[in-house]
Protein chains: 2
Amino acid sequence: MEQRKIPEHEAIYLRIREMILFGVLVPGQPVTIQGLVETLDAGTTPVREALRRLTAEGALEAKGNRRITVPQLNISQVEELYFARLSIEPKLVQIAVPRIGSEEISSLRGIDNKLNEAISLGDIEGYLKYNYRFHFALYEAAGAGILLTLAQSLWLRAGPSLRVVLTRYGASALPDQHDVTIRALETRDLQKACGAIETDIRQGMDQVRQVLVFGETSS
Amino acid sequence: MEQRKIPEHEAIYLRIREMILFGVLVPGQPVTIQGLVETLDAGTTPVREALRRLTAEGALEAKGNRRITVPQLNISQVEELYFARLSIEPKLVQIAVPRIGSEEISSLRGIDNKLNEAISLGDIEGYLKYNYRFHFALYEAAGAGILLTLAQSLWLRAGPSLRVVLTRYGASALPDQHDVTIRALETRDLQKACGAIETDIRQGMDQVRQVLVFGETSS
DNA sequence: GATTCAAAAATATGATCAAAATATTAGGCC
DNA sequence: GGCCTAATATTTTGATCATATTTTTGAATC
């Protein structure tokens, strides 16, 4: 009694997407259609469609010679992401603050608890997962589809690099502002909530920038 | 001696993209794979891949029942686009101003001339085309790939609605700030250039908003 | 070091199967 | 008897696969 609701290409898309967001695929790593066909035990057509979609979202990069890789950000790209995230994400919070319900706030608290647990266990994938869930549970409360899509694209671009930060310096290198954010939501404090998310973004992106400036790999 | 460089799915993608940007496809219109296969005389696989890509970019909308349409914006989506465009595009100009070369500026002037010609002829498709070219010739001078991609996505979303404005009120309803922009570029006046583009965006999006508020179509 | 050739990977086609939308028909009700 | 509703049939469209073709890479040779 299999639940055949969502099409194959959609399911494949979601699987690869998580591999990127939560750090299974690392920056610079080549991604081949054939490889994924074998790894995921899927047909070529669904895999191809999933890759086109992810490439369009900026999660993957199409080199000219029809080869696909996980993007490796350079300094100026990090600056672009920095700016774009600070433009979009606090706006989502601003819209969300008056609309979010109390059940959603307690759901956020639950996610944050799991996140803290992952930190204390040094569970990097768990950290990435719950950090993502926290932010997007909040952003979804805004009910702003276009801005949400933009934010998701930005996270797909930043995800693999964040993973690099965590494997290098551990989750403790990334203090978050989730506690402050939740308290601000409870009191409907717009300024405080937006400010907290802004700080959260800055802290994360600063770390990514650091890794890039110091940890220069190849020429 | 055919120049077979770019793959079919890429060519198809570009063709459909232009159909959306320059108003061949109207908001609400259903887009079928089979239909495009016949219209464009192509195989199903390239068309499918192109549609996945365009859907990911927000140029098309995937309904739940695996049907695809050209998105019809509602008021809150127009507000989101308004905000996002004002966040991203002036920033691109800001980065472009010190980097743009004089040949590129004169190229902009050439595009603007063709645009004015299209306006005087009442050529709507020409208007959309050269207006797009003007903005993105400028934005590309910034050399900021990520922000550029975001801006392109926003234009793909706004394109079909702009077309509706033009067919309803004519190109004269959309005064542009291109002249002011070019002069600001020549004098490297950052404030003025960003302000001009900001005004340009406001004028266009205000019109789109008007059409939506007054020209309510169905229930 | 450049060139040629073979293997591997990506691309594209068309066919097949499944799902959805539309058209059609039959039955029940006023 | 006409008309609305609901079940069914048809047709259109989407999803996936197997296969053929093209392109690129990388190795071997000159």
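To find a chain, count down the sequence lines: A is the first, B the second, and so on, and within it residues start at 1.
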### Task
Mind checking salt bridge (Lys or Arg N to Asp or Glu O under 4.0 Å) for A:Asp123 and listing every partner two or more places apart, or none if nothing turns up?
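With sequence neighbours excluded, A:Asp123 shows a salt bridge (Lys or Arg N to Asp or Glu O under 4.0 Å) to no residue whatsoever.
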### Query
Rounding to a whole Å, what distance do you find between B:Leu36:CG and D:dT12:C1'?
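Nearest whole value for this atom pair: 15 Å.
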#### Entry: B:Ile6 CD1 - D:dT23 P separation (whole Å)
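Rounded to whole Å, this separation is 13 Å.
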### Message
Regarding B:Arg109 and B:Asp112, does a basic nitrogen lie under 4.0 Å from an acidic carboxylate oxygen?
### Response
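Not counted as a salt bridge, because no side-chain N and carboxylate O are separated by less than 4.0 Å.
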### Lys/Arg N to Asp/Glu carboxylate O, A:Glu61 vs A:Arg67, below 4.0 Å
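The answer is no: the pair does not qualify as a salt bridge.
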### Query
Can you list the steps and then say if A:Glu89 with A:Tyr139 is a side-chain hydrogen bond (donor to acceptor under 3.5 Å, both in side chains)?
CA-CA 8 Å; A:Glu89 294 177 39; A:Tyr139 299 161; 2.6 Å; yes
Dump every N/O contact between nucleotides 5-11 of chain C and the protein below 3.5 Å, one line per pair.
from, atom 1, to, atom 2, distance (Å)
C:dA10, OP1, A:Ile33, N, 3.1
C:dA10, OP2, A:Ile33, N, 3.4
C:dA10, OP2, A:Gln34, N, 3.0
C:dT11, OP2, A:Arg48, NH1, 2.8
C:dT11, OP2, A:Arg52, NH2, 3.1
C:dT11, O4', A:Arg66, NH1, 3.4

### Message
Does D:dT25 have its OP1 or OP2 closer than 4.0 Å to a side-chain nitrogen or oxygen of A:Asn65?
### Response
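Yes, A:Asn65 has a side-chain N/O under 4.0 Å of OP1/OP2 on D:dT25.
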### Task
May I ask you to decide if A:Glu57's main-chain N or O and A:Ser153's side chain share a donor-acceptor pair within less than 3.5 Å?
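The answer is yes, because a donor-acceptor pair under 3.5 Å joins these two groups.
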